[in-house]
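In what follows, every chain begins at residue 1, and chains take the letters A, B, ... in the order their sequences are listed.
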Amino acid sequence: MDIVKVAKELISRDDIDVVIGYEKGRAPFQNVPFFARTQEDCEKLVLNPFSVHNLSTYIRSFKDKKVALFAKPCDIKSIIGLLQEHQINREKVHIVGINCRGVVDAKKLITSLKDKEVTDWSVTEDKIIIEGPEGKEEFPVKDFLMEKCHSCDERKPALCDQVIGEEVKETIGKDEIERIKELEKLTPEERQKYWNSEFSRCIRCYACVKTCPLCYCDRCFVESSKPQWVDKSNSLKSNKAFHIIRAFHLAGRCIGCGECDRACPMNIPLSELNRKMKKSVQEHFDYTAGKDPEVIPPLSTFEKEDKEQFIH
Amino acid sequence: MSLILGKENLIKFINKLSENYKIIAPVEEKGMTNFRPVNSDELGKINLTYSKTTKSPKEFLFPQSQTLCSYKYSGRDVEVKPPEEDNSKRAILGLHPCDVRAILIQDKLFNWDYKDELYFKEREKTLLLSMNCNRPDWSCFCPSVGGDPHNGDGADINFTDLEDRFYVESKSDKGKELLDSLKELFKDSSETDKKQVEELQKKIRDRLPVKFNSEKVTENLNYIFEDKIWDTMADKCVNCGTCAYLCPTCHCFDITDEGNYEEGKRVRCWDTCMAGHFTRMAGGHNPRDAAKTRYRQRIYHKFNYYVKNFKTLSCVGCGRCISECPAGMDLVKSLQKIGEIERDK
Amino acid sequence: MEKQQTEDKKTGAGWEPRIVGFVCNWCTYAGADLAGTSRLKYPPNVRLIRLPCTGSIDPLFIIKAFQSGADAVLVSGCHPGDCHYTSGNYHARRKMTVFRDLLEFTGLDPKRFWMSWISASEGQKFATFMSEIVSEVKKMGPIKGYNEV
C-alpha cells in the first residue's frame with residue numbers, strides 16, 4: 001500500500017488541490033495531519049496505526065477547493081454525517097478509504113512506559129518499536145489500541161472513491177456501551193458526584209468542540225453573549241450546562257470517532273455522554289448515525305407514531 | 001547559602017511550611033499531574049518527579065475566573081461589593097524553572113500600563129519553591145528561549161533532586177528567612193554535593209540542545225509579516241484554546257457579567273486570541289478571520305512584540321502548547337522555519 | 001429565587017417546591033387560564049413560562065431552570081395532531097425523549113422532569129396534574145446539587 005504513489009497520482013489531477021493525510025511529527029506515537037499540495041509534499045505522507053486524527057474536520061475549511069483525504073472507516077462515518085447535513089459537497093471530496101485494524105492510543109502507551117527514556121519510535125502493521133538508550137523494545141499494537149477500536153464493528157470504509165489496504169475481517173467485539181450500562185446502574189446521586197468531579201476539571205478550551213467534525217457551527221451556543229446562555233467562566237455550573245447541551249446537540253449525530261476524548265487536555269471522558277445519546281437514539285428511534293448519507297437525522301424529523309411513554 | 005534536605009525529612013519540611021502557608025503542590029490524578037491545594041493529610045500524594053504538569057501554575061496568581069465585584073439589589077438600592085479578601089499565604093512547591101520564569105514575565109505585564117492589584121495581591125502572598133527539572137520531555141525547549149532546566153532564579157527557594165536527598169538553595173530574602181527558621185531539618189552541603197549537582201546539571205542541559213536562534217527569529221519577524229510562509233503554517237490548527245490556556249505566560253482575558261436582575265457579579269476570565277471570534281467586532285467585521293492570521297499573531301506577540309515592549313520573549317519553552325495540541329501543531333518547527341529565513345541584503 | 005430557596009432549605013420547615021413550567025401558548029397556557037376562570041383549586045407552586053409552541057423549547061431553558069433552583073420542570077403542550085404550528089409538538093416529543101435520558105444520565109432524578117399534553121379545554125386536567133406534580137416533588141424533597149455554583 002504505497003500511499004505516496006496514491007497521493008502523487010491524486011495531486012497530479014487537475015481537479016484536486018490538496019491531499020490531506022498524515023506525516024510523522026515529533027509527538028511520540030502519533031502522526032500529525034499534513035496537507036500535501038505538491039508532488040514533493042506527498043513524499044512526507046505516512047499511514048500506519050499512529051494515524052489517529054479524524055481528518056474530516058478539515059474538509060469544510062477548504063470550501064472552494066477539491067480535497068482528497070485519507071479516511072479511516074470511523075472518519076468516513078463523520079463524512080457521511082456532514083453529507084446528511086449538507087455541509088460538504090460530495091463531488092468536491094475524494095475519499096481514500098482505509099481498511100483499518102485500529103489506531104494506537106498514545107496517552108495509554110506513554111503512561112505505561114513511565115520513566116523510560118525514548119529517543120525514537122516507529123510502527124508496523126502490528127508492532128510498535130521503541131528505541132531508547134538501552135536498545136529497542138517492541139510492543140504489540142493491539143495492546144495499545146484506542147478505546148473506540150475495541151468496539152469497532154466496521155473495519156472497511158462504508159463510502160469512498162478508492163480503497164487502500166487489505167480487507168480486515170476480524171473485530172475485537174467489545175461492547176461499546178458496557179461502560180454506559182455501568183454508569184446507568186449507579187444511583188442519580190452517584191452519577192451526579194461522578195459528573196461533577198469530571199466537569200469541575202474542564203478549562204473550557206473547546207478542544208472537544210473544535211476537533212469534532214460535526215461541531216461545525218460558526219457561532220456555538222456557548223459563545224453567544226446576547227443572550228448569555230452559558231457563563232464564560234469555568235464554574236462547575238456553566239461547565240455542566242455546556243457539556244450537557246453539547247451532548248444533546250450531538251444526539252443522533254455523533255458517530256464515535258473519539259476525537260473529543262483524545263483532544264481533551266484534562267482527560268474528561270466526554271465520549272461517555274455521546275455514547276449514552278447514541279444508545280438512547282438507537283433505543284427510541286432505531287437509528288445509528290454515520291450509515292446513510294440520504295437519511296435525515298432523527299432529531300430533525302419525527303414520526304406520528306413516536307413513543308411517548310413518559311408523557312402524561 | 002546551600003543546604004541538604006534528606007528525603008526522609010521532606011514531609012516534615014512541608015508540614016512545617018503548612019503551619020504558615022497553604023500548600024499548593026503537583027499531584028498525579030486522572031492520568032496527569034497538576035498543581036492543586038494539598039491538605040496536610042494528603043502530603044503523600046505530592047509528586048515532585050513529574051516531567052510536565054498539564055496546566056501551568058499561573059491559575060494561582062491569575063485565576064481562570066476571578067470576581068471583580070458583585071452587586072445586589074434590595075428594592076431600588078444596589079450594593080456593589082469588592083471581592084472577598086483572603087489574606088492567607090500560599091507556598092507553591094515543585095515549580096520547574098520554566099514556570100518560575102513565566103511568573104517573572106507575567107509580573108512585567110501586570111505592572112505595565114496599569115498595576116493589576118488583584119494579580120499582585122496574590123503574588124505578594126505566594127512563596128515560590130522551585131525544583132530543578134530532571135525529566136525534560138520531547139516537547140521542552142527552554143534553552144532555545146533563554147531558559148535553563150537547572151536554574152531557580154526568580155524563586156524564593158530552589159531544590160535539586162539528587163535521588164536520596166535534595167540540594168536546597170535560598171534565592172531570595174524570604175527564602176533565606178524561611179530556611180533559617182527551619183534550620184533543624186537541614187544539613188550543610190558539602191563539596192561532593194555541589195559536584196553531584198553540577199554533574200546532574202550538565203547531564204540535563206545536554207539533553208536539551210538549542211533548537212533555533214530566538215534572536216534571529218525576533219529579527220526576522222520584523223520583515224516577514226506578509227510572507228507566504230504563513231499560508232500553510234497553521235493548516236492543522238483547529239482554533240481551540242488549549243495552547244493559550246495551558247501556556248504559563250498567556251494572559252488575555254475577557255470581562256463578563258454573570259447573574260440576574262437581583263444579584264450577580266462581574267467576572268474576569270481567560271480568553272484566547274486563537275478563538276475565531278476573538279477579534280470579531282460589533283459590526284461583524286473580524287480582522288483576524290483566517291486561522292493563519294491568528295497563528296501569526298500568536299508568534300508575533302510572543303517572539304517580537306513582547307520583546308519590543310518588555311525586552312524579553314513571552315515564551316519559556318515549557319512545550320505544553322506542543323505536547324497538548326490536539327491537532328499536532330508544533331511551535332518549535334514553525335520557529336525553526338522562521339529562524340532559517342535569510343534576508344536578501 | 002436562589003437565596004430564598006437556600007434559606008427555606010436551611011429552616012427545613014415549610015419548604016415549598018418551586019416548579020417551572022414551559023407551556024405552549026395555544027393549548028396548555030389556555031388550559032391553565034381555564035382552570036383559573038373556573039376557580040379550580042390547585043397548589044400555587046408552578047411558575048408558568050409561556051412559549052409559542054413546545055417545539056420552540058430549547059433544552060438549554062430546562063437546564064437553566066434547574067440551575068436557577070427549580071425543584072422540578074414541566075413541559076406541556078398541545079396533543080399530537082393538534083399543534084397550532086402543525087408539527088412543533090412532534091419535534092418536542094422526540095427532543096424531550098432523548099433529553100430526559102441525558103438529564104437522568106448526568107445525575108438528575110428523572111421524577112423531576114415532567115411532560116404532558118394538556119389542551120385548552122382541559123382546565124381540570126391541568127389543575128389535577130399540578131396537584132400531582134407538587135405532591136410527588138414534595139415527597140422527593142428539595143433538589144440537591146444540580147444548582148451548584
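- Under the 6.0 Å distance and 45° angle rule, C:Arg112 does not count as a cation-pi partner of C:Phe66.
- Neither the backbone nor the side chain of A:Leu186 comes within contact range of chain C; no heavy atom of the residue lies under 4.5 Å from a heavy atom of that chain.
- Options C:Ile118, C:Thr97, C:Asp109 differ in how many heavy-atom pairs under 4.5 Å they form with chain A, and the most are formed by C:Thr97.
- Both the backbone and the side chain of C:Glu104 have a heavy atom closer than 4.5 Å to some heavy atom of chain A.
- Counted by atom type alone, C:Thr128 and C:Gln124 present one or more donor-acceptor pairs between their side chains at under 3.5 Å.
- Heavy-atom pairs under 4.5 Å with chain A peak, among C:Met96, C:Lys64, C:Met115, C:Glu132, at C:Met115.
- At a 4.5 Å heavy-atom cutoff, the contact between C:Lys95 and chain A is made by backbone and side-chain atoms alike.
- Aromatic ring pairs are classed by plane angle as parallel below 30°, tilted from 30° to 60° and perpendicular above 60°; the pair C:Phe113 and C:Phe99 is perpendicular.
- For the residue pair C:Leu48 and C:Val46, the shortest heavy atom distance occurs at CD2-CG1, 3.5 Å.
- The part of C:Pro80 that comes within reach of chain A is its side chain, from C-beta onward, which places non-hydrogen atoms under 4.5 angstrom from that chain.
- Taking the ring centroids of C:Tyr42 and C:Phe129, they lie at or beyond the 6.0 Å cut-off.
- The closest side-chain heavy-atom distance from A:Cys208 to A:Arg246 is below 4.5 Å.
- Contacts between residues 296-309 of chain A and chain C, defined by a heavy-atom separation under 4.5 Å, are made by A:Pro298, A:Leu299, A:Ser300, A:Thr301, A:Phe302, A:Glu303, A:Lys304, A:Glu305, A:Asp306, A:Lys307, A:Glu308.
- The minimum heavy-atom distance between A:Cys254 and A:Ala289, with the atom names listed, is O-CB, 3.7 Å.
- No side-chain donor-acceptor contact under 3.5 Å links C:Asn45 to the backbone of C:Arg18.
- Side chain to side chain, A:Asn89 and A:Lys63 fail the donor-acceptor criterion of an N or O pair below 3.5 Å.
- A:Ala241 touches chain C through backbone and side chain together, each having a heavy atom under 4.5 Å away.
- Top candidate by heavy-atom pairs under 4.5 Å with chain C, chosen from A:Phe199, A:Trp229, A:Phe221, A:Tyr194, is A:Trp229.
- Proximity of a side-chain donor or acceptor of A:Gln84 to a complementary backbone N or O of A:Val295 within less than 3.5 Å is detected.
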